[in-house]
Amino acid sequence: MFHVLERRIQNTFHRRIQERYGADIPVVIEQPRQSDFGEIALPAAFQLAKVLKQAPRRIASELLAGMAPIPGVAALEVAGNGYINVRFDRGAYAQALLKAEEQVREETGRKIIVEHTNINPNKAAHIGHLRNAALGDTFVRMLRARGKRVEVQNYIDNTGVQVADVVAGFHFLERKTPGEVEALTANRFDYLCWDLYARVSAHYKEDPDSLRWRAETLHAIESGEGDLARMAHIVSDAVTAAHLETMLRLGVEYDVLPRESEILHLKFWASAFEQLKARGAIHFETEGKNAGCWVMPASAFAGGSGTEDSKVIVRSDGTVTYVGKDIAYQLWKFGLLGKDFHYRPLRAYPDGRQVWVTTGEPREHAPEFGRGTRVYNVIDVRQSYLQDVVVAGLRALGYEQQAAESIHFSYEMVALSQRCAAELGIELSEEDRKRPHVEVSGRKGLGVKADDLIDKLIEKALEEVAARHPEVSAEEQRAVATQIAVGALRYFLLKFTRTSVIAFDFQEALSFEGDTGPYVQYSAVRARNILRKLEERGEPLPDFQSELPPEALARQLAFEDFWQVLLAASKVDAAVERAVESGEPAHVAKYAFQLAQAFNNFYHQYHILHETDREKKVFLLWMTDFFRSQLEQTLSILGIDVPPYM
RNA sequence: GCGCCCGUAGCUCAGUUGGAUAGAGCGUCUGGCUACGAACCAGAAGGUCGCGUGUUCGAGUCACGCCGGGCGCGCCA
């Protein structure tokens, strides 16, 4: 609701400024420093002062003089050195909120693709992967909440070095047959691979000769035949299934899993290669250190200075680099490759959503994937350089529009705090001990596994739930504890802005107080409790529309406290819109927390069920119900459930 | 060496794209449970926004230069 009025005011002033001064300036909207200045502040006069060489205060007065009233706005005032402060018509605003039907937003328009998670299917997921998935999934929810059509992709590199290393471990180190590996998949297979991967990596270091295992395995995977190739499929399929399960615990779902094996099998690269050669985006190097390679000139992606090295796309042995394949994949996402995958259903989620996986053979009845008009790649900041090369590839092919719509949704890494590393018993060198944090490393088997962390959170929440609700069944206690644990974890991963390195610390992540998910959940539970208690007392929920005419709303909202609380709760759409524009899920988390804070204060200060004045009681109940709905909506965008009790 | 990011209260972090008196959580101290369950609320203390120049009506925010830290810069992925 707030966003609607905000836009209306913005547009009105935009037109007004054009008519009065002939200036086409973007009208900036701010929140006044103090709440008694009004609901919205416009610093437009300051912007105009530059151009017009006049005092801002005078311009502000001129703008307001003779202006037609804006629906929903009670007053416009000049304040300070030239601010224009806007006061809403409180009664009308509340009336609009009260009347607004729960509008189910159609997901329409052009398709947006968000790719996230992308974990190598050779080991258990860890906290770094969780940050990726939490950011990606929340951003998807934000876009959908704003009515966008979104497709979620999770790319699976099932033929790469990392899978090969684990397969090599099973075959050469453990001497296992595919059948024996298959049998191992039944029980915590991703954990088993976690350890094996670390062991193989250590073995390579001790005995560099054994690196030929990797080469042999990769070769076998590419040919698609033999025990090693079969084992690669067993490993990657089983670990991928484990990842889907882990992510589902956090409410993260996907639409399609594009796999590297199909990108190879369907020869995506060959199509991309032809395009790149034909457009001269890459050229064959005949001399220098890159002789024999197809390279992209640095001028294409490094700001045009040309002093940097070119990027090799095809090696001198004819094989394609990772970036090359990524260019082909990015082209496919926009429907520009001239080739497509085939698909089969992989599994159905409890909510009915179906996740598909790519296959090499045609099948019927598969939906259409890809062909997006905008693509967000959720990938950590360390791959910025390579993402730049991919975008440069598109641009070099003449796909300017798609290059501009290719967005690297980057985020900083998750490291371990020194204390966390010590708790995990990780031995560190003197050098590492001086660093602010310790980097997670799958290769070294160094990190906090996602499922371990979730389990730990559930156990901690369970202690609290059991202490507070000894009367309910153990099963129910666990269900509630799980919702709280997930709320705590998702919120923790989302509360930091994307550019902030998270130094993971158990004490912080396991906190349920203050700026945390459970705090927000608790606030929503309290709102629900009031409404439930009302019902338990045999009082029906009032018909707010008939019992709260505009005069009553205006009367109650003349009281500043109530107005501020209502105003805060009505800003969901504005908060989410701002978060989408800036690409910051953290802004939604921050808003949720502020909302919860406002409600907790309200809850403490006014005893709704004991209110004796009928109009006030009905009004307070409406506020409670409105708060509940807005808080629930915000939490659902964050992927956080509201438990039945806490 | 080049590029990107970070530096704000004791600690962990926000800061609405350049706006009014720099905020929150944790921690510390003080007060509040026979109220809709305190995973809560109220209050206090705590700041040279790393340093310096500049841009302008106005800078935590922009530019440049330093200082400190992190991450990239493979015919790895």
Side-chain angles (χ1 to χ4, degrees), chain A residues 28-34 37 41 43 46-47 49-50 55-56 79-83 85 120 157 160-162 289-295 302-303 305 307-309 311-323 325-326 380-386 388 410 412-413 415 417 435-437 439 461 464-465 468-469 484 488 495-503 505 507-508 511-516 518-519 521-523 525-534 537 574-575 578-579 581-582 584 586-587 589-590 593-594 597 600-601 603-610 624 645-646:
Chain A
V28 177
I29 292 263
E30 285 171 28
Q31 192 176 326
R33 188 113 219 104
Q34 287 174 30
F37 286 170
F46 295 107
Q47 296 166 263
K50 270 186 207 156
N81 295 325
Y83 270 97
N85 289 336
N120 267 299
D157 184 6
V161 170
Q162 295 208 21
K289 64 172 185 170
N290 292 332
C293 299
W294 286 87
V295 303
S305 66
T307 53
E308 295 83 357
D309 284 349
K311 177 67 196 169
V312 172
I313 305 296
V314 181
R315 303 181 185 100
S316 53
D317 67 1
T319 57
V320 197
T321 60
Y322 166 76
V323 196
K325 287 186 274 191
D326 225 21
D380 82 67
V381 71
R382 289 173 290 191
Q383 299 211 34
S384 294
Y385 164 72
L386 295 171
D388 285 350
S410 74
E412 269 291 354
M413 59 172 180
S417 71
R435 290 163 158 264
H437 37 65
E439 198 172 346
E464 294 285 337
V465 174
R468 289 157 202 250
H469 303 279
I484 294 168
K495 69 193 269 193
F496 304 94
T497 49
R498 291 189 286 129
T499 51
S500 175
V501 175
I502 298 182
D505 188 278
Q507 195 167 310
E508 283 173 36
S511 169
F512 296 160
E513 287 164 18
D515 188 12
T516 67
Y519 175 94
Q521 289 174 309
Y522 187 56
S523 180
V525 166
R526 283 176 138 184
R528 281 187 178 180
N529 273 349
I530 293 172
L531 301 170
R532 200 189 58 229
K533 282 274 149 84
L534 184 80
R537 290 167 160 224
R578 185 169 71 85
E581 271 171 27
S582 58
E584 272 298 1
H587 291 159
K590 181 65 74 186
F593 177 64
Q594 284 166 350
Q597 256 184 329
N600 275 339
N601 172 279
Y603 174 95
H604 189 260
Q605 219 170 334
Y606 305 100
H607 303 290
I608 296 153
L609 295 180
H610 303 91
T624 303
Y645 46 79
M646 280 179 80

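Lettering follows sequence order; numbering is per chain, from 1.
- The side chain of Arg382(A) contributes no N or O atom lying less than 4.0 Å from OP1 or OP2 of G70(B).
- Residue His607(A) places a side-chain atom within donor-acceptor reach of the base of A35(B), judged by atom type and a 3.5 Å distance cut-off alone.
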Quick tally for nucleotides 58-63 of chain B: nucleotides whose base has a protein heavy atom under 4.0 Å get B, sugar-phosphate-only ones S, the rest -, giving B-----
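- Taking atom P in both G23(B) and A35(B), the straight-line distance is 35 Å, to the nearest Å.
- If Phe496(A) and His610(A) are placed on RNA chain B by their nearest nucleotide, the residue sitting closer to the 5' end is Phe496(A).
- Residue side chain His604(A) fails the stacking definition with respect to A42(B), as its ring centre and the base's six-membered ring centre are not both under 5.5 angstrom apart and under 30 degrees in plane angle.
- With sequence neighbours left out, Arg382(A) forms a salt bridge (charged side-chain N to carboxylate O under 4.0 Å, His left out) with Asp380(A), Glu439(A).
- Considering only side-chain N and O atoms, Tyr322(A) lies nowhere under 4.0 angstrom from the phosphate OP1 or OP2 of A77(B).
- How far CZ of Phe512(A) is from CD1 of Ile484(A): 7.0 Å, rounded to the nearest 0.5 Å.
- Contact of Asn85(A) with A20(B) (side chain to base): a donor-acceptor pair of N or O atoms is detected under 3.5 Å.
- Look at the P atom in both C64(B) and G18(B): the space between them is 15 Å, to the nearest Å.
- Within the nucleic acid shown, Arg532(A) has no heavy atom closer than 4.0 Å to any nucleic acid atom.
- A donor-acceptor contact under 3.5 Å is not formed by the side chain of Ser500(A) with the base of C13(B).
- Between Tyr519(A) and C26(B), a side-chain N or O to OP1/OP2 separation shorter than 4.0 Å is absent.
- Looking at heavy-atom distances under 4.0 Å, Glu30(A) makes contact with a base.
- You won't find any donor-acceptor pair under 3.5 Å spanning the side chain of His587(A) and the base of G15(B), going by distance alone.
- Classified by its glycosidic torsion, U17(B) falls in the syn category, the angle being within 90° of 0.
- For the C1' atom pair drawn from U8(B) and C49(B), the interatomic distance equals 4 Å after rounding to whole Å.
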